[in-house]
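All residue numbers refer to positions in the sequence shown, counting from 1. For ligands, and for the atoms within them, numbers begin at 1 and follow the listed sequence.
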Amino acid sequence: MSVPGSFSVLRVLWLLSVFGTVLPLDGGMLFPQESSFREVKELNGLWDFRADGSPNRNEGFEKAWYKRRLTETGPVIEMPVPASYNDITQDPTLRDFIGWVWYEREVFVPARWISDEGTRVVLRVGSAHYYSIVWVNGEKVTEHEGGHLPFEAEISSLIRKEPTKPCRITIAVNNTLTLETLPPGTIQYMNDSSRYPDGFFVQNIDFDFFNYAGIHRSVLLYTTPKVHVDDISVETNFMDNTGLVRYKVSVQGGFNNTLNITLMDKDGHFVASSNGSSGGLKVVDVKLWWPYLMHENPGYLYSMKVHLIAVSETSTYEDEYTLPVGIRTINVTNTQFLINNKPFYFHGVNKHEDSDIRGRGFDWPLIVKDFNLMKWLGVNSFRTSHYPYAEEILQMCDRHGIVVIDECPGVGIKDIRSFRNASLSHHLVVMDELVRRDKNHPSVVMWSVANEPASEMPPAEFYFKTLIEHTKALDQTRPVTYVTIAAADMDKGGPYVDVVCANSYFAWYFDQGRLDIIPLQLSTHFENWYRKYQRPIIQSEYGADAVPGLHMDPPMMFTEEYQNALLQSYHDVFDQKRNQYFVGELIWNFADFMTSQGIYRVVGNKKGIFTRQRQPKAAAFLLRKRYWRLANETGRLLPD
Ligand code: BDP
């Protein structure tokens, strides 16, 4: 099979990452923040855009499009950032495009950022799907593999080279998925010339959501002083009324650093302070971080101000970064999931970053609407199915007390070739990047390293043992799981997870229409898991498609009545197991979402309890009633 140029470019890049050893990440990935010593400039808005439609998708590299303005290379269109490009135009070839697309924008950098040699200027992309290469004024500054996590490059010296010119930022993004990407996919050439034109190829994927592409989150320029706070890690604990925040700060670029750490309460009052790059802060009369509906004052956050003064022979640098800190503990027993030593029961949802027109693009109105809907429903938790969500969403979870199972993009690992070392080493890097970004969020209570991998295949055992041990070494404070659909006696990775997260679709993908089998099959399924692994169990997905407005009684598949009846049957079993080892239920899915086209999907997956436009189906009311009841029964709404 011939591999066209575009994919060979990717292959070269991937080969480099595959054969390199997995090195610890250099540097932190603190969320950009303004302070007296830091500035942020958003580059969102309209960018010039051009998809490389050449047969091998390689024209942009052959003709070095990054060397001049994109408009000079050929026709460009206006493309909003952040947004997926797929649903923006009326062109089906762009919706379904596979290969490199090019974004470009010119920006004026404030003169002071250029003239002040003590200022460090960083270009940051919140996420771009899937493989990105970034140039500034024609010079490559970074490249990044992975569609859901941030990457950045320091560009200070580059912009100082031509101080009077606007700065031209070019970002090429390729959405091609291969056996070694996360999620994986394959490119298939259709060589039968009686049926397909020359060079016809398709992207095969084994996951159930549209492979939206483009620059999905904000692009920013931000500054820090040359000597700066590069990373902060906190771990929290408490005993009786006293909280403890252990911290570590790393500083880049300097020597002779003085670090002052101050912890303040929600109202800005002084709580504790410390000096140095690591240490502990004692919090008398601690206010713990509690989940929504588990306490009358959920999501309590302290602020940890890290202040740096660094003196060199010639200059003094000052930096400040303030990290929100929630003090809480997570523990798992054989039968319980404990937050602050109290049993926590997940009554929540699975989501997608997905909406009309924007695709997977970051959108504040949508995010705030979703939080309002979740609170209306009585949701206390969600899983970031099937990839890490924008950090702004996790910050909201911290503030509102919504508990998160943070999932990496390890979805659709079904081909045995995706268990090889090349895939595993990339998966380990993704976990490094994910933990580096999300480690300080109190809302994140568990890592999920994958969704529904072919965990019955023999290589799954080594793969998941390595992956889970690696993740535990990165973060000793949180449990680790992967989400399985296998049967307990088939699952090879099961012994390594802290919590069993099991998906099932009884009376949907099997025994269609037979709601009556759910009680037997579901309880057998739970009993088998518990007998085998003695771990708490979460129903991490269950549900049924419902086309809004379709009704039938007695219920038939795809009607709102069937969706309701199926949920109800599941709930009956959950209630039986709840006081044993069953610790949570996450409906599939919060809202309808787009998928690739296929005979199983009617313009996307309709298992939402809300439509894609966030209007409720009957199931939303059923779930709301249940979740508020559960909150009252399990949530201990009263203070201790
Ligand atoms: C599960 C997958 C999820 C799908 C869902 C479904 O984890 O991504 O969308 O099935 O089929 O197995 O609706």
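- Residues I330 and L338 form no side-chain contact, since every pair of their non-hydrogen atoms from C-beta on lies 4.5 Å or further apart.
- In this structure, K577 forms no cation-pi arrangement with F526, as its terminal cationic atom is not both closer than 6.0 Å to the ring centre and no more than 45° off the ring axis.
- Of all the heavy atoms of F207, none lies under 4.0 Å from any atom of ligand 1, so neither backbone nor side chain is involved.
- Every atom of ligand 1 is numbered from 1 in the order shown, and the set under 4.0 Å from a heavy atom of E452 is 1 (C), 2 (C), 7 (O), 12 (O).
- For the pair K607 and Y505, the distance from NZ or CZ to the six-membered ring centre is under 6.0 Å and the angle to the ring normal is within 45 degrees.
- Exactly one residue among Y570, F558, Y600 makes a ring-ring contact (aromatic ring centres under 6.0 Å, His included) with W508. That residue is F558.
- Listed by number with element, the atoms of ligand 1 under 4.0 angstrom from any heavy atom of Y509 are 6 (C), 11 (O), 13 (O).
- Protein heavy atom closest to atom 13 (O) of ligand 1, with residue, atom name and distance, is K607 NZ, 2.6 Å.
- Residue N451 touches ligand 1 through its side chain alone, judged by heavy-atom distances below 4.0 Å.
- Heavy atoms from other residues, nucleotides or ligands lying under 6.0 Å from CZ of R514 number 12 at most.
- Annotation for K375: atom NZ counts as buried by contact number, over 12 foreign heavy atoms lying within 6.0 Å.
- Atoms of ligand 1 found under 4.0 Å from any heavy atom of F593 (numbered from 1 in listed order, with element): 9 (O).
- Atoms of ligand 1 lying under 4.0 Å from any heavy atom of R601, numbered from 1 in the order shown and given with element: 6 (C), 11 (O), 13 (O).
- Atom 1 (C) of ligand 1 has its closest protein heavy atom at E541 OE1, 2.8 Å.
- With a heavy-atom cut-off of 4.0 Å, N589 does not touch ligand 1 at all.
- Those atoms of ligand 1 that come under 4.0 Å of a heavy atom in H386, given as number and element, are 3 (C), 7 (O), 8 (O).
- Residue pairs meeting the side-chain hydrogen bond (donor to acceptor under 3.5 Å, both in side chains) criterion with at least one partner in residues 583-598, sequence neighbours excluded, are Y345-E585, E585-R626, D592-K617.
- The distance from ligand 1 to the heavy atoms of Y505 drops below 4.0 Å at these ligand atoms: 1 (C), 5 (C), 10 (O), 12 (O).
- With hydrogens and angles left out, the side-chain atoms of Y387 and E407 include no donor and acceptor closer than 3.5 Å.
- Closest to atom 4 (C) of ligand 1, if we only count protein heavy atoms, is D208 OD2, 3.3 Å.
- Every side chain to side chain contact (heavy atoms under 4.5 Å, CB included) that N372 has, sequence neighbours left out, goes to V368.
- Not a single heavy atom of K606 lies less than 4.0 angstrom from ligand 1.
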